[in-house]
Amino acid sequence: MFRSRSGLAAGALLLAASLGLAACGGGDSADEGADAKVLTLWHYEAPNSAMGIAWAKSIELFKASHPGVEVKFEEKGFEQIQQNAQMILNSDSTPDILEYNKGNATAGLLSKQGLLTDISDEFTKRGWDKKLSPSLQTTAKYDEDGIMGSGKVFGVPNYGEFVTVYYNKKMFDQYKLAVPTTLDEFTKVMDTFVQNKVTPLSVGGSEYPAQQIFYELALSKANRALVDDYQLYKNKVDFKNPAFRYGAQTFADWVSKGYIGKDSAGIGAEDMAVAFTQGKFPIMISGSWFYGRFADEVKDFEWGTFLFPGNTLHPGSSGNLWVVPEKSKAKALAYDFIDITMSPEIQALLGNSGGVPVAADPAAITDPKNRELVETFNKISTSDGLAFYPDWPAPGYYDVMVAGTQGLINGSKTPDAMLDEIAKPYNENLADLGK
């Protein structure tokens, strides 16, 4: 899944220049770096985000517990690392630990290329396996083909994310609407808004949000076996299966019924979120990463959330991973840092800052709204309800999914044509893997 981040540094040229800084190349011993005096750390979280606040505190605690060790922290842009990871980790200036995107096309690809350290032993020795539910561990493990879900551990997630439904309580109250508990009730709520000349859904069709709606609809008719076949390649997927057919057809129906505006094909995620905060739409279906922001920015109305009505499976996963490059010279220190981010203190800080910790006691989350968010995520993850994201299975699939849902919004593609379009690169990737 891709999402915009604030404070991104610009460009590959800048990053390439930074690779000329002090070298951090290394060997292949898992214990190497126990006596290292420098830990070079990269991440791309904004300083005022929940993760940025938690990682800053983690650095502070690391320094206190490792006197004499210097932490060289560098904030990088999400796109910088996304686009240049292979060059970075193949260089002699790789960091000792960095935040990296999870999934087959990212962490999986680097693990397959031998650029990440296998941390399976540390994962069990330090008890991280006990703190992460099986569904959260899916994104930490990759097989020889770089497919997530099994094999060796190459990263540790310590926050989570999921797709939920945000709603404007003021607008619901205006039309005497209750929070829906079934998909049928949800459509009746949206019918009421349409009848009153209000477009129900704020949608960003030019980026990831639209495909998440398609996936939510498909998941309403799916089971865990279909998700595993699609995401983990356990069995071949017929893209004309009942769940995907329902998702594509119902998405198109939602456009024709006026639930989704036809102009949303050109709207991005940021504009979608701003429109919701301004009270222009009563409903927005998107990720938990907007939760803390809405708590800060929405001033003119009460808002709340509910899970997509009737679904037991939801788009979502662990957050991004802490990974240790194979060339790191301070692997032992990197493991110590990861351990701190998994500690009760840091996990509680994540939750109290508007994030979704993976191993926090909900009782330690003091804000009622933040506690509700954490409890909801825990409910999904412990019931094996995380279905990952629709763009994950194959390299370059994000753009394919965006184009497919845009076609449904602007009417240039039928549901069948959209399913054919997203099937082709998926099956080509399977063929490349010999599956």
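These values consider heavy atoms only, across backbone and side chains, with no hydrogens, waters or symmetry-generated copies.
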So, the side chain of [X] versus the backbone of [Y]: is there a donor-acceptor pair under 3.5 Å, distance only?
X      : Y      : value
Tyr142 : Leu110 : no
Asp96  : Ser328 : no
Ser288 : Phe162 : yes
Gln347 : Asn158 : yes
Glu207 : Ala269 : yes
Asp228 : Leu232 : no
Thr250 : Gly247 : no
Thr182 : Glu185 : yes
Tyr208 : Asp391 : no
Asp143 : Asp145 : yes

With sequence neighbours left out, which residue pairs that include part of [range] fulfil the salt bridge (charged side-chain N to carboxylate O under 4.0 Å, His left out) condition?
range            : value
residues 297-316 : Arg293-Glu297
residues 164-184 : Asp184-Lys188
residues 406-419 : Arg245-Asp416, Lys413-Glu421
residues 397-406 : none

I want to check something: taking the side chain as every heavy atom from C-beta on, are [X] and [Y] in contact at a cut-off of under 4.5 Å?
X      : Y      : result
Phe290 : Met272 : yes
Met418 : Phe251 : no
Met401 : Ile422 : yes
Tyr215 : Val163 : no
Ile338 : Trp128 : yes
Ile340 : Ile346 : yes

Worksheet item: For residues 349-368, which residue pairs qualify under ring pair (Phe, Tyr, Trp, His ring centres under 6.0 Å), counting only residues two or more places apart or in two chains?
Response: none
So, [X] versus [Y]: side-chain donor-acceptor pair below 3.5 Å or not?
X      : Y      : value
Ser93  : Ser91  : no
Thr139 : Ser317 : no
Asn101 : Tyr44  : no

Quick one: list whatever passes side chain to side chain donor-acceptor pair (under 3.5 Å) with [X], sequence neighbours left out.
X      : result
Ser256 : none
Asp384 : Arg224
Glu60  : Lys57
Ser120 : Asp118

Discussion item. Using the side chain to side chain contact (heavy atoms under 4.5 Å, CB included) criterion, which residues pair with Asp296? Sequence neighbours excluded.
Written reply: none
Worksheet item: Is the NZ atom of Lys240 crowded by more than 12 outside heavy atoms at less than 6.0 Å?
Response: yes
Discussion item. Using a 6.0 Å cut-off, check whether atom NZ of Lys152 has over 12 heavy atoms from anything other than its own residue.
Written reply: no
Fill in: Minimum-distance pair of heavy atoms, taken over all atoms of Pro393 and Asn429
O-ND2, 3.8 Å
Worksheet item: Closest heavy-atom contact between Tyr230 and Pro390?
Response: OH-O, 2.5 Å
Worksheet entry | Pair listing, side-chain hydrogen bond (donor to acceptor under 3.5 Å, both in side chains) test, anchored in residues 370-379, at least two apart | none
Discussion item. Does anything in residues 193-206 form a side-chain hydrogen bond (donor to acceptor under 3.5 Å, both in side chains)? List the pairs, not counting sequence neighbours.
Written reply: none
Item to complete: Let me know which of Glu161, Lys102, Gln211 forms a side chain to side chain donor-acceptor pair (under 3.5 Å) with Tyr389.
Response: Glu161
Fill in: Axial cation check for Tyr246 ring with Lys221, 6.0 Å and 45° limits
yes
Worksheet item: Taking Phe172 as the fixed residue, which of Phe301, Phe193, Tyr166 is the one that meets the ring pair (Phe, Tyr, Trp, His ring centres under 6.0 Å) rule?
Response: Phe193
Discussion item. Parallel, tilted or perpendicular: which one describes the rings of Tyr159 and Trp55, with boundaries at 30° and 60°?
Written reply: tilted
